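Notes to accompany the following structure.
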Amino acid sequence: MRPIVKICGLMREQDVQMCVRHGADIVGFVVEYPRPVPWNLSAAKAKELIATVRKPTETCVVTGGSPEHVLRIAMETKPDYIQLHGGETLEDTTTLVSELGKQGVKIIKAIFPDTPDLEKTAADFCAAGVDAVLFDPRTPDNAEHSGTADLSVYQKLQRAVSCPLILAGGVTPENVTEIVRQTKAQMIDLMTGVETCPGIKDEAKVIALFQALEGGCK
């Protein structure tokens, strides 16, 4: 059985529809991210794109910052998920789990290789009620650069957490089968691995990704 696939950094309606057509389970939009990254959208633009997505595909807004900032964006864009991709504290995250849960919005919390007490922190976020934790080699300070996840660290985190753990960083159509085989990841996240350039998705790469997954994850 193939993992759930989240394709992030979408900026154009034609790319959103293309990714949905070929099998993306979750499509993601970077919205008012607190640092300059090439995928950044306004809340208004993300709202327009999210409105074009039909079930069963789900939507995710990737942002970061204060609970007030995140709540405003969530209320404006109305996604299925909010991905907290900054330095949100456990206290902030617990507040957002409570407040967004009232709106039916699920939460993904990103953690990074330089997160202190990585395994304990991941477990604490799960215990706080997030719907998934995402392990990303790109820290908030270098989010515009690509990176490759350390699979050995990912596997340690799998043993530490009680909620789904999303694998991100360096996943491509060429290596996805081997990465999933090694880690048994149930959810994967791609952005640059299926792009021509930032914000422009490559249909041939998206097709190759799903062909690889269907062929190697039966």
Side-chain angles (χ1 to χ4, degrees), residues 2-34 37-65 67 69-86 88 93 96-110 125 129-136 138 143 163-169 171 185-195 198-203 205-207 209-210 213:
R2 77 162 174 83
I4 292 169
V5 176
K6 175 174 172 283
I7 297 180
C8 200
L10 289 155
M11 302 182 74
R12 309 187 304 171
E13 183 176 349
Q14 61 263 45
D15 288 345
V16 173
Q17 299 307 320
M18 180 269 291
C19 289
V20 169
R21 185 167 66 250
H22 291 303
D25 302 291
I26 304 171
V27 287
F29 310 89
V30 180
V31 181
E32 296 186 21
Y33 191 68
V37 294
W39 303 273
N40 233 346
L41 298 173
S42 67
K45 179 61 177 178
K47 181 179 180 179
E48 289 179 13
L49 293 174
I50 286 169
T52 70
V53 180
R54 298 290 177 263
K55 298 297 183 184
T57 308
E58 294 187 298
T59 58
C60 179
V61 160
V62 179
T63 191
H69 175 76
V70 173
L71 286 169
R72 176 184 62 79
I73 289 173
M75 294 306 100
E76 288 186 35
T77 58
K78 301 187 184 307
D80 297 295
Y81 289 89
I82 285 281
Q83 180 174 314
L84 304 176
H85 210 87
E88 298 80 18
T93 302
L96 289 166
V97 166
S98 174
E99 292 302 314
L100 291 175
K102 297 172 186 176
Q103 309 299 323
V105 179
K106 295 172 278 191
I107 290 185
I108 297 168
K109 179 66 182 86
F125 281 125
V130 302
D131 294 274
V133 167
L134 181 144
F135 179 52
D136 194 338
R138 286 175 292 229
C163 61
L165 181 66
I166 304 172
L167 176 63
V171 182
Q186 296 180 333
M187 299 179 73
I188 58 174
D189 183 288
L190 295 94
M191 187 162 63
T192 58
V194 288
E195 283 187 335
I200 308 298
K201 301 309 182 198
D202 185 317
E203 185 168 18
K205 292 180 180 179
V206 173
I207 291 170
L209 171 77
F210 287 102
L213 286 170

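What you see is a predicted model, and the numbers here were worked out from it, not measured in a lab. Counting from 1, the numbers follow the sequence of the chain as shown.
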Taking Thr59 for the side chain and Val27 for the main chain, is one N or O donor matched with an acceptor at less than 3.5 Å?
no

Using a 6.0 Å cut-off, check whether atom NZ of Lys47 has over 12 heavy atoms from anything other than its own residue.
no

Glu48 (side chain) donor-acceptor with Glu13 (main chain) under 3.5 angstrom:
no

Sequence neighbours excluded, the answer for salt bridge (charged side-chain N to carboxylate O under 4.0 Å, His left out) partners of Asp202 is none

Which atom names give the shortest non-hydrogen contact between Ala43 and Thr77, and what distance separates them?
O-CG2, 3.5 Å

Run the side chain to side chain contact (heavy atoms under 4.5 Å, CB included) test against Gln14 and tell me which residues pass, sequence neighbours left out.
Arg12

For Met191, is there any backbone N or O sitting under 3.5 Å from a side-chain donor or acceptor partner on Lys6?
no

Could you work out, with side chain to side chain contact (heavy atoms under 4.5 Å, CB included) as the rule, every residue matching Ala110, not counting sequence neighbours?
His85, Phe112, Leu134

Residue set satisfying side-chain hydrogen bond (donor to acceptor under 3.5 Å, both in side chains) with Glu203, at least two apart, ordered chain then number -> Arg21, His22

Which residue in the set Leu10, Val206, Ile7 passes side chain to side chain contact (heavy atoms under 4.5 Å, CB included) when paired with Asp15?
Leu10

Pairwise side-chain contact, Trp39 with Val62, heavy-atom cut-off 4.5 Å (strictly under):
no

Correct closest heavy-atom pair for Val133 and Cys163 would be CG2-SG, 3.9 Å

Do Ile50 and Val61 have side-chain heavy atoms sitting under 4.5 Å apart?
yes

Show your working on side-chain contact (heavy atoms from CB on, under 4.5 Å) between Phe29 and Lys45 and close with a plain yes or no.
CA-CA 10 Å; Phe29 310 89; Lys45 179 61 177 178; over 6 Å; no

What pairs with Ala74 under side chain to side chain contact (heavy atoms under 4.5 Å, CB included), at least two apart in sequence or on another chain?
Ile82, Leu100

Under a 3.5 Å distance rule, please check whether Glu88 uses its side chain to pair with a backbone N or O of Gly65 as donor and acceptor.
yes

By side chain to side chain contact (heavy atoms under 4.5 Å, CB included), which residues pair with Val97, not counting sequence neighbours?
Thr93, Ile107, Val130

Write down the atom of Cys60, the atom of Ile26, and the distance for their closest heavy-atom approach.
CB-CG2, 3.8 Å

Test item: Asp131 side-chain N/O and Ile108 main-chain N/O as donor-acceptor pair under 3.5 Å:
no

If you measure from CG on Asp25 to CD on Glu58, what distance do you get to the nearest 0.5 Å?
8.5 Å

Looking at CD of Gln83 and OG1 of Thr63, how far apart are the two atoms once the value is rounded to the nearest 0.5 Å?
10.0 Å

